[in-house]
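Notes follow once the structure below has been shown.
The sequence lines fix the lettering, A, B, ..., with proteins before strands; numbering per chain opens at 1.
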Amino acid sequence: MYHVVEERFREAIRRFLSERYQLDVPVALERPPRIELGELATPVCFELARRLRRAPRQIAQEIAAEIGPIEAVARVEVAGGGYMNAFLDRGPFLSLALDLSRRLAAEPPAGASKVIVEHTSINPNKAAHIGHLRNAVLGDAFVRLEHFSGRRVQVQNYIDNTGVQVADVVLGFLRLEKKSADEVRRMAEEPRFDYYCWDLYARVTQFLEEDKQRLEMRAATLKAIEEGHGAEAEMAEIISTAILRCHLRTMDRLGIRYDLLARESDILRLKFWEAAFRLMVDRGVITRAESGKYAGCWIMALGEAPVEEGEEAEAKVIVRSNGTVTYVGKDIAYQMWKFGLLGLDFHYQPFFRYADGHTVWTTAAERGEPDAPEFGHAREVYNVIDSRQAYLQNVVAAALRGLGFEDAAAHSIHFSYEMVALTPRCAGELGYELSEEDAKRPYVEVSGRRGFGVKADDLLDKLEAAARAEVDQRHPEDHEVTRAQIAREIAIGALRYFLLKYTRNTVIAFDFHDALSFEGETGPYVQYAIVRARNIFRKLAEQDAGFPAGRLDSLVSAEARANLLSGADGDEYWQLLLLAASLGSQVGAAAASQEPAFVAKFAFQLAQSFNNFYHRHHILSEADLVKKAFLLQLTALVERQLVAALALLGIDSPDKM
RNA sequence: GCGCCUGUAGCUCAGCUGGAUAGAGCGCUGGUCUCCGGAACCAGAGGUCGGGCGUUCGAAUCGCCCCAGGCGCACCA
């Protein structure tokens with residue numbers, strides 16, 4: 001609601017400046033520091049002062065006096081050295097805000113452009129850890145933001161089922177464990193198979209480091225998997241699919257779902273790479289190096305040609321001298337497919353059905369389901385990948401540009417974020433021995449390869465147990481199933497909020513103490529504010545069944561509303577209302593900058609304001625019926641906005657906790 | 001060596017395209033509660049916004065130079 005008025009004010013000033021002074025300057029808007037200064041402010045007169053060679057305050061006075069009425073704006077005043085502050089019509093603002101808050105987010109319009117968001121994409125060879133959770137939670141929140149903003153979104157999870165990481169675990173089963181494919185198949189049915197592989201993967205890493213000769217075993221395993229033959233390929237398929245199911249289960253605990261699982265093996269089988277390769281050769285994007293350190297490789301030139309003789313140009317190897325394709329090469333082909341630029345498509349089969357009926361599809365190399373949805377053909381692609389891969393993402397975009405797909409390159413967006421590390425203290429609690437040097441650092445990097453990190457399911461279990469203990473204490477009378485459900489919602493609220501409150505380019509130094517906290521700036525704090533608001537309405541219904549809680553609007557006349565908003569506590573109500581009504585602009589900013597943390601921040605601030613309001617006004621004992629209804633209106637508005645904000649973060653709002 | 005990112009209160013972090021006395025959580029100190037649930041509320045202490053120069057009417061925010069950290073720069077992914 002706030003952003004609507006914001007635009008009106010901006011437009012009115014812009015038009016006035018253009019008509020009166022024939023000037024076209026951008027009108028910056030901001031929030032005044034104190035409510036006595038109004039709700040909207042612009043420092044534009046400082047800019048005008050330079051152009052018109054007059055004092056800013058004088059210009060501001062002129063504009064304020066002559067600009068005339070603006071809808072929803074009660075008056076414009078001059079303040080400070082030349083600020084123009086707008087004061088809104090409070091009463092009408094409330095009715096509009098209430099109306100808007102009751103409207104549900106619309107389905108995307110028919111012609112809405114399609115957005116693909118790729119996230120999670122965990123190597124299917126071990127359990128998911130805390131770093132993977134940040135990726136999935138950020139990606140999922142962004143998907144929700146896009147959906148809320150009226151975009152058609154498709155969520156993809158890339159499955160690297162033919163890469164070295166899977167190869168390492170295959171090697172572990174074959175060489176270290178001496179298992180057959182059938183034995184692995186049986187083991188893969190165990191629920192904690194991903195945990196088993198987590199440890200095995202770390203053992204294999206050590207095994208390979210002990211003797212560099214053993215790296216040849218890995219190369220041979222990888223080759224067999226890529227070509228799809230032998231016990232290696234069979235095992236890779238069993239392992240990667242089983243672990244993928246573990247990952248889907250883990251993410252489902254958090255309410256994170258996918259539309260398509262894009263498997264690397266299918267990209268290979270369907271020869272996506274060959275098509276991309278031909279195109280890149282034809283258009284000169286990659287060339288074969290005949291000499292130098294890249295002799296025999298197909299390389300893509302990056303940056304400028306070398307200045308001095310004998311200096312190698314900056315380049316990225318796309319095809320190795322032994323003929324195998326690098327990861328980036330495959331990624332280029334995949335990215336082209338996402339935009340529908342490859343001229344090839346996968347087959348599709350249903351892979352898994354969630355409890356609510358939603359189906360995740362998987363790519364397939366052969367037979368597909370004829371009535372599968374359409375995948376790919378995106379207008380815009382967001383790849384949620386940590387910032388360490390920025391270089392490779394740039395290579396992919398550069399390849400698209402080189403191929404002449406300027407538009408696709410411009411809409412290939414690296415949704416980048418920093419890693420989750422562990423505080424040295426946390427690493428110690430987990431029983432890892434740190435070097436003296438590491439112990440002094442602010443954080444230490446997790447490493448799946450070394451089996452060093454916090455597993456996602458362990459963390460979720462811990463959070464649920466902690467939440468459960470609190471719930472048991474508060475609601476011993478409730479049924480076991482109810483308590484478990486509430487504890488789950490709180491645990492997820494705490495975890496998702498914790499991962500989303502930091503802006504993307506902040507390294508999260510993970511610590512159990514902070515992550516397990518339910519107080520202060522946390523998800524449960526916001527959930528609790530909602531519970532309080534709902535309790536008021538529940539209690540109201542119990543105490544006074546005749547109270548027309550469903551028709552509050554009819555109890556508070558426009559005049560009463562205006563009086564209450566300008567009366568003794570008017571500013572206080574007004575600030576709460578204003579904040580609640582700014583959900584839309586906050587979400588807009590979050591979506592535009594791909595920063596879900598803005599929504600988290602907003603939710604917390606609103607919850608904080610509401611808790612303060614709750615503390616100061618005892619609504620149910622309010623004797624003045626009109627005022628009571630008005631306070632209930634405010635409460636209902638805040639509750640709806642908080643629920644909406646949390647929903648965008650993927651957090652549920654319990655009725656009690 | 002080259003590139004990208006970061007440096008704001010004791011700790012962890014916000015601070016949008018430069019704007020009015022720099023904010024929050026945690027921790028610390030003190031207070032609130034015959035209450036719609038204290039997973040709460042209020043108050044206080046605590047900051048040369050890493051340093052310097054510059055641009056500007058105005059700089060935590062923009063530019064340059066230092067200092068200190070992190071991450072990239074594989075015929076790994």
Side-chain angles (χ1 to χ4, degrees), chain A residues 26 28 30 32-34 37 41-43 46-47 49-50 55-56 79-83 85 123 160 163-165 218 222 289 293-299 302-303 314 316-324 326-328 330-331 386-392 394 416 418-419 421 423 441-443 445 467 470-471 474-475 490 494 501-503 505-509 511 513-514 517-522 524-525 527-529 531-540 543 585-586 589-590 592-593 595 597-598 600-601 604-605 608 611-622 635 656-657:
Chain A
E30 57 188 75
R34 295 184 308 280
L37 295 170
T42 175
F46 296 108
E47 175 65 23
R50 188 207 323 249
Y83 281 95
N85 297 344
N123 268 296
D160 187 2
V164 271
Q165 295 211 19
R218 173 200 268 170
L222 185 59
K293 66 173 169 178
Y294 297 132
C297 298
W298 286 90
I299 58 172
L302 294 169
E314 203 188 328
K316 176 72 196 164
V317 172
I318 305 295
V319 181
R320 304 185 187 101
S321 54
N322 69 0
T324 57
T326 59
Y327 169 78
V328 209
K330 288 179 252 184
D331 218 28
D386 81 71
S387 61
R388 286 172 292 190
Q389 296 198 43
Y391 169 69
L392 295 174
N394 285 337
S416 140
E418 275 289 352
M419 63 183 171
T423 60
R441 293 169 186 256
Y443 52 79
E445 208 170 326
E470 294 285 331
V471 174
R474 284 158 218 247
H475 304 288
I490 294 170
K501 73 175 179 179
Y502 299 95
T503 48
N505 64 2
T506 299
V507 176
I508 298 180
D511 197 310
H513 177 262
D514 296 333
S517 169
F518 299 150
E519 293 170 11
E521 194 184 347
T522 65
Y525 175 95
Q527 289 174 316
Y528 186 66
V531 167
R532 282 179 143 180
R534 288 179 173 171
N535 268 346
I536 296 174
F537 284 96
R538 192 170 44 76
K539 262 294 190 344
L540 178 71
Q543 287 176 2
S585 42
Q586 298 288 335
S593 52
E595 196 64 272
F598 292 174
K601 213 78 190 172
F604 174 68
Q605 279 170 355
Q608 207 175 26
N611 271 333
N612 178 271
F613 166 84
Y614 176 93
H615 187 80
R616 290 170 52 100
H617 306 281
H618 198 265
I619 298 174
L620 292 184
S621 59
E622 175 58 54
T635 302
K656 59 156 78 169
M657 61 187 276

Requested in this report: Name the nucleic acid region contacted by A:Ala597, choosing base, sugar-phosphate or nothing; use a 4.0 angstrom heavy-atom cut-off, strictly under.
Outcome: nothing

Query raised in the report: Under 3.5 Å, is there an N or O donor on one side and an acceptor on the other linking the side chain of A:Arg532 and the base of B:A40?
Result: no

Query raised in the report: If we require ring centres under 5.5 Å and near-parallel planes under 30°, does A:His618 stack on B:C36?
Result: yes

Requested in this report: Check every atom of B:G37, B:A24, B:C57 against the side chain of A:Arg50 and return the nucleotide holding the closest atom.
Outcome: B:C57

Query - Pairwise P distance for B:U61 and B:U8, with rounding to whole Å - result: 14 Å

Query raised in the report: Does the separation of the ring centres of A:Tyr525 and A:Phe518 fall below 6.0 angstrom?
Result: no

Requested in this report: Using a 4.0 Å heavy-atom cut-off across all strands, classify A:Ile490 as base, sugar-phosphate, or nothing.
Outcome: base

Query - Toward the 5' end of RNA chain B, by each residue's nearest nucleotide, A:Ala79 or A:Tyr391 - result: A:Ala79

Query raised in the report: Between A:Asp511 (CG) and B:G27 (C1'), how many Å, whole number?
Result: 14 Å

Query - Atom of A:Ala49, atom of A:Pro56 and distance for their closest heavy-atom approach - result: CB-CD, 3.7 Å

Query raised in the report: If you take atom types as modelled and just measure distance, does the side chain of A:His615 reach the base of B:G38 with a donor-acceptor pair under 3.5 Å?
Result: no

Query raised in the report: NA contact type, A:Glu622, heavy-atom cut-off 4.0 Å: base, sugar-phosphate, or nothing?
Result: nothing

Report summary line: Taken to the nearest 0.5 Å, the spacing of A:Ile619 CD1 from A:Tyr614 OH works out to 8.5 Å

**Report entry** Distance in angstrom units between A:Tyr614 OH and B:C35 C1', rounded
**Finding:** 7 Å

Requested in this report: Report yes if at least one side-chain N or O of A:Asn612 is closer than 4.0 Å to OP1 or OP2 of B:A40; otherwise report no.
Outcome: no

Query raised in the report: Of all the choices, B:C75, B:C73, B:U6, which nucleotide is nearest to the side chain of A:Asn505 once you look at every atom?
Result: B:U6

Requested in this report: Tell me which nucleotide among B:A24, B:A77, B:U12 gets nearest to the side chain of A:Tyr502.
Outcome: B:U12

Requested in this report: Give one of base, sugar-phosphate or nothing for A:Asp160, where a contact means two heavy atoms less than 4.0 Å apart.
Outcome: sugar-phosphate

Requested in this report: In whole angstrom, give the distance that lies between atom CD1 of A:Ile619 and atom C1' of B:C36.
Outcome: 7 Å

Query raised in the report: So what does A:Ala494 touch, heavy atoms closer than 4.0 Å: a base, only the sugar-phosphate, or nothing?
Result: nothing

Query raised in the report: If you check the A:Lys601 side chain, which of B:A14, B:G70, B:A39 turns out closest?
Result: B:A14

Query - base_contact_polar (B:A20 base, A:Asn85 side chain, donor-acceptor, <3.5 Å) - result: yes

**Report entry** Among B:A77, B:C75, B:C71, the nucleotide that comes nearest once only the side chain of A:Met419 is considered
**Finding:** B:C71

Query raised in the report: Closest to the A:Asn611 side chain: B:C41, B:G72, B:C13?
Result: B:C41

Query - N or O in side chain of A:Arg441 less than 4.0 angstrom from B:G70 OP1/OP2 - result: yes

Report summary line: When rounded to the nearest 0.5 Å, the distance separating CG of A:Leu620 from CG of A:Leu540 is 6.0 Å

Query - Range-with-range stems for RNA chain B, at least three Watson-Crick or G-U pairs under 3.5 Å - result: B:1-7 with B:67-73, B:10-13 with B:23-26, B:28-32 with B:40-44, B:50-54 with B:62-66

Report task. Select from A:Gln608 and A:Ser387 the residue whose nearest nucleotide in RNA chain B is closer to the 5' end of that strand. Result -> A:Gln608

Requested in this report: Report which part of the nucleic acid A:Val319 touches: base, sugar-phosphate, or nothing (heavy-atom distance under 4.0 Å, all strands).
Outcome: nothing

Query raised in the report: When the C1' atoms of B:G50 and B:G70 are considered, how many whole Å apart are they?
Result: 15 Å

**Report entry** Gap separating the CG atom of A:Asp331 from the CG atom of A:Asp160, nearest 0.5 angstrom
**Finding:** 9.5 Å

Query raised in the report: How close or far is atom P of B:G27 from atom CG of A:Asp514, stated in whole angstroms?
Result: 10 Å

Query raised in the report: Looking at the side chain of A:Val164, which of B:C57, B:A77, B:A40 is the nearest nucleotide?
Result: B:A77

Report task. Nearest 0.5 Å please: distance from the OG atom of A:Ser621 over to the CD atom of A:Gln543. Result -> 9.0 Å

Query raised in the report: Would you say B:A24 has OP1 or OP2 under 4.0 Å from some side-chain N or O of A:Tyr525?
Result: no

Report task. Report the nucleotide, chosen from B:A20, B:A39, B:G15, that has the shortest atom-to-atom distance to any side-chain atom of A:Leu37. Result -> B:A20

Query raised in the report: Nearest to the side chain of A:Asn123, which nucleotide is it out of B:C73, B:A77, B:G37?
Result: B:A77

Requested in this report: Respond yes when some side-chain nitrogen or oxygen of A:Arg474 is under 4.0 Å from OP1 or OP2 of B:A39, and no when none is.
Outcome: yes

Report task. Name the nucleic acid region contacted by A:Phe46, choosing base, sugar-phosphate or nothing; use a 4.0 angstrom heavy-atom cut-off, strictly under. Result -> base

**Report entry** Nucleotide of B:A24, B:G38, B:A77 approaching A:Glu521 most closely (side-chain heavy atoms)
**Finding:** B:A24

Requested in this report: Would you kindly check whether a donor in the side chain of A:Thr506 faces an acceptor in the base of B:C13, or vice versa, at under 3.5 angstrom?
Outcome: no

Report task. Please state how far atom CD in A:Gln165 lies from atom P in B:A77, giving the value in whole angstrom units. Result -> 11 Å

Report task. Please state whether the phosphate of B:A39, meaning OP1 or OP2, lies under 4.0 angstrom from any side-chain nitrogen or oxygen of A:Tyr528. Result -> yes

Query - Criterion side-chain hydrogen bond (donor to acceptor under 3.5 Å, both in side chains) on A:Asn535 and A:Arg538, from CA distance to verdict - result: CA-CA 5 Å; A:Asn535 268 346; A:Arg538 192 170 44 76; 2.4 Å; yes

Query raised in the report: NZ of A:Lys501 to OG1 of A:Thr522: how many Å apart, nearest 0.5 Å?
Result: 7.5 Å

